[in-house]
Enquirer: 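Following this message is one structure expressed as structure tokens.
For this chain, numbers begin at 1 and follow the sequence in order.
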Amino acid sequence: MSEIHAGGSTGDASPAGVGAADWLSFAAAPTFATMALLTFLGGAPDMMCSTGQGASPLGGMVPMYLLMSAFHLGPWLRRVSGRPRRRK
């Protein structure tokens with residue numbers, strides 16, 4: 001029976017694939033921050049996300065995009081701190 005390995009799980013990933021994955025990891029945080037800014041500046045009400053008066057302050061698209069941006073800051077923080085990425 002043959003085994004199927006996800007890219008890089010066995011350590012035999014091509015250098016081009018690893019480089020692309022590294023660059024994609026840097027794209028997430030600025031993308032979500034930009035989406036938060038554009039949503040905020042667009043002024044469109046969050047029709048699908050608003051549940052009514054007194055909703056949570058974390059409700060809506062802008063806080064969601066900001067949280068997603070914060071969760072994806074890891075690669076940027078590692079680069080700024082100068083720590084190398086751990087390889088599995």
Enquirer: Taking side-chain contact (heavy atoms from CB on, under 4.5 Å) as the test, write out the residues that go with Ala29, two or more places apart.
Expert: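 Listed in chain order: Ser69, His72, Leu73, Trp76.
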Enquirer: Please answer: with hydrophobic residues joined when any side-chain heavy atoms are less than 4.5 Å apart, are Leu41 and Leu66 in the same cluster?
Expert: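 They do share one cluster, since a chain of ILVMFWY contacts under 4.5 Å joins Leu41 to Leu66.
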Enquirer: Minimum heavy-atom separation for Ala36 and Val62, please, with both atom names.
Expert: O-CG2, 3.8 Å
Enquirer: Using the rule given for side chain to side chain contact (heavy atoms under 4.5 Å, CB included), can you reason through Arg79 versus Phe26, listing the C-alpha separation, both sets of side-chain angles and the distance that settles it, and then say yes or no?
Expert: CA-CA 10 Å; Arg79 175 169 300 263; Phe26 284 107; 3.6 Å; yes
Enquirer: Taking only residues two or more places apart in sequence or in another chain, which ones pass ring pair (Phe, Tyr, Trp, His ring centres under 6.0 Å) with Tyr65?
Expert: none
Enquirer: Got a second to check how far Met64's CE is from Met35's CE, nearest 0.5 Å?
Expert: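 Going from the CE atom of Met64 to the CE atom of Met35 covers 6.5 Å.
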